[in-house]
Amino acid sequence: MKYFDYAATTPPYPEVVRAMSEIMDKHYGNPSSLHRYGEESERLIRRAREVTAGILNVQPAEIIWTSGATESNNMAIKGVALRKGRMQGHFVTTMIEHPSVYETFRQLELFGFEVSYVNPQPDGAVSPEDILAAIRPDTLLVSVMHVNNETGAVQPIEQIARLIKSHYPRVLMHVDGVQGFGKIPVSLKEWGIDLYSLSAHKLRGPKGTGLLYVKHGLELLPLLAGGGQEQGYRSGTENAAGIAGMTKAMRLIIEQQPRQYEHLCTLRDTVQQAIRDIRGLVWTEVVSAAPHIIHFTYPGMKSEVVLHSLEQQGCLVSTQSACSSRKSVPSRVLAAMGMDRTHAGSGIRISLGDEHTLEDVEYLIGALRQTVQSLRSLERR
């Protein structure tokens, strides 16, 4: 089978696997323990925090380790909402966010908070002016993802953040950076981002580890109460092996980013051109596309049918985000872009990784042609 679902999860780097295996074997002490084994684990975590902060060009104390982007997103949004015992306020987000952001805001609405959901343009990107227009005097935070996980549309977060800070300096900016980091540049300090979420397993690191960047001086209400680890923000014994594995994956992916960007763009463009040439498929054109995500629709055919047909051809792809793919409903993201149910219910996402070759995508293109041909014949029957 050929795996084209890197936006859902990635195979870990061999170096990450080796590093984690050694740590789990030799450095299993609790980082909070005062004895030698505990100090060894604590030292590993401290070093990982320093390296990660250097990669993101932030302070080590601004890095909070979590179990992944879902926890990081919840911590950022709910932490702002509920700090200082507050139970009211206004938020701004978009209709194309990952479920871990979108559903968190829906939950806050049940608590009594108000949320404005901004639709994207038909090209998949939200307008900075639309975001600015949604802000009110009681707005606490704006949350916009860097790269949409379904369509690959790059959101103008730099322009949004700068616009917010110039007009409403007290409004906080949160970015879900899961699909952007390691693929396209980001500058947290320069752009004025206050909160930034990452997940290791999207970066060829381990599952179950993530981080939240929290700008110095920003106060959040912790979601988890307990032993006070991670500066009191995230109680619970730290996952030293996962943290070290995430740090190594981040270092490797950043080192390879310039070279891999060109490689992925070449593969992406090859697949996109083939999709344009296959009658029946409609490439989802976005204004600014990430290098690793390709999206198309097959109007009149359910996305699950297309997915399983491609799987029979030896290619693994996905429909919506991995968190939503088992729900047989039209895509919320595609509907927000103005697509009708015929298109929104037939979307397919192909996501590429650094290990893919031109031969791999040529195989995929052949599978796409065979899939469409077989489904046409079934439809005629």
Side-chain angles (χ1 to χ4, degrees), residues 9-10 12-79 82-83 100 177-178 181-182 188 194-255:
T9 195
T10 57
Y13 287 112
E15 298 94 324
V16 169
V17 175
R18 287 194 294 269
M20 292 182 63
S21 177
E22 180 178 352
I23 291 170
M24 287 188 289
D25 183 43
K26 298 180 180 179
H27 304 287
Y28 50 81
N30 188 318
S32 297
S33 297
L34 297 179
H35 52 61
R36 180 188 303 174
Y37 284 10
E39 290 176 352
E40 289 174 352
S41 292
E42 193 277 331
R43 190 160 49 246
L44 286 170
I45 294 172
R46 183 171 67 248
R47 177 56 181 160
R49 200 186 310 274
E50 292 169 352
V51 172
T52 300
I55 293 171
L56 294 175
N57 194 27
V58 299
Q59 301 174 34
E62 295 174 315
I63 300 295
I64 307 299
W65 302 113
T66 69
S67 64
T70 292
E71 182 184 346
S72 295
N73 289 334
N74 273 262
M75 180 187 296
I77 296 165
K78 292 176 182 174
L82 302 174
R83 61 181 177 172
S100 62
V178 167
F181 181 81
L188 304 182
D194 301 292
L195 297 150
Y196 182 73
S197 305
L198 286 181
S199 182
H201 77 100
K202 309 290 188 175
L203 311 169
R204 300 198 62 186
K207 294 176 180 64
T209 306
L211 67 80
L212 177 66
Y213 158 72
V214 181
K215 184 179 179 181
H216 177 72
L218 179 57
E219 180 185 349
L220 301 177
L221 179 76
L223 298 186
L224 302 177
Q229 290 89 342
E230 292 303 297
Q231 304 170 63
Y233 280 118
R234 207 276 182 179
S235 292
T237 301
E238 296 96 335
N239 177 4
I243 289 167
M246 179 173 187
T247 300
K248 182 171 282 290
M250 290 177 66
R251 182 173 58 79
L252 291 171
I253 203 167
I254 285 298
E255 288 175 355

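The basis for the numbers below is simple: all heavy atoms, side chains too, and nothing from hydrogens, waters or symmetry mates. Computed from a prediction, not measured in an experiment: that's the story for all the values here.
- Under 4.0 Å is where a charged nitrogen must lie from a carboxylate oxygen, and between E230 and R49 at least one such pair does.
- G242 and P206 get closest at one heavy-atom pair: O-CG, 3.7 Å.
- With hydrogens and angles disregarded, no donor-acceptor distance shorter than 3.5 Å links the side chain of Q231 to the backbone of I64.
- By the 4.0 Å N-to-carboxylate-O rule, E255 lies close enough to R251 to be salt-bridged with it.
- The distance from atom CG of N57 to atom OH of Y213, rounded to the nearest 0.5 Å, is 9.5 Å.
- Across all their heavy atoms, F181 and L56 have their closest contact at CE1-CD2, 3.7 Å.
- When atom types are taken as modelled, the side chain of S235 and the backbone of G228 share a donor-acceptor pair closer than 3.5 angstrom.
- The heavy-atom pair separating G210 from S72 by the smallest distance is C-OG, 4.5 Å.
- Note: M246 CE to L211 CG = 4.0 Å, rounded to the nearest 0.5 Å.
- Between the CZ atom in R46 and the CD atom in E42 there is a gap of 4.5 Å [rounded to 0.5 Å].
- Scored by the side-chain contact (heavy atoms from CB on, under 4.5 Å) test, V51 finds R47, I55, T247 as partners (sequence neighbours excluded).
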Under 3.5 Å, which donor-acceptor pairs do the side chains of residues 215-224 form with other protein atoms, sequence neighbours left out?
none

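- The side-chain contact (heavy atoms from CB on, under 4.5 Å) search around S67 returns E71, R234, not counting sequence neighbours.
- Residues forming a side-chain contact (heavy atoms from CB on, under 4.5 Å) with N30 (at least two apart in sequence, or on another chain): S32, S33, T237.
- Residues passing the side-chain contact (heavy atoms from CB on, under 4.5 Å) test with N239, sequence neighbours excluded: T209, A241.
- Among residues at least two apart or in separate chains, there is no salt bridge (Lys or Arg N to Asp or Glu O under 4.0 Å) pair with a member in residues 23-38.
- In terms of heavy-atom proximity, I23 sits nearest to A240 at CG2-C, 4.3 Å.
- The CD1 atom of I45 lies 12.5 Å from the CD atom of E40; values are rounded to the nearest 0.5 Å.
- L252 places none of its side-chain heavy atoms less than 4.5 Å from the side chain of R204.
- You'll find the side chain of L188 stays beyond 4.5 Å of the side chain of E62, heavy atoms only.
- Between atom CD1 of residue I77 and atom OG of residue S100 there is a gap of 7.5 Å, rounded to the nearest 0.5 Å.
- Note that CZ of R18 is 13.5 Å distant from CE of M20, once rounded to the nearest 0.5 Å.
- Between S41 and G29 the shortest heavy-atom distance is OG-O, 2.7 Å.
- In terms of heavy atoms, T10 sits closest to G205 at OG1-N, 4.3 Å.
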> Which is it for W65 and Q229 under the side chain to side chain contact (heavy atoms under 4.5 Å, CB included) test, yes or no, and what are the steps along the way?
Replying inline: CA-CA 10 Å; W65 302 113; Q229 290 89 342; over 6 Å; no
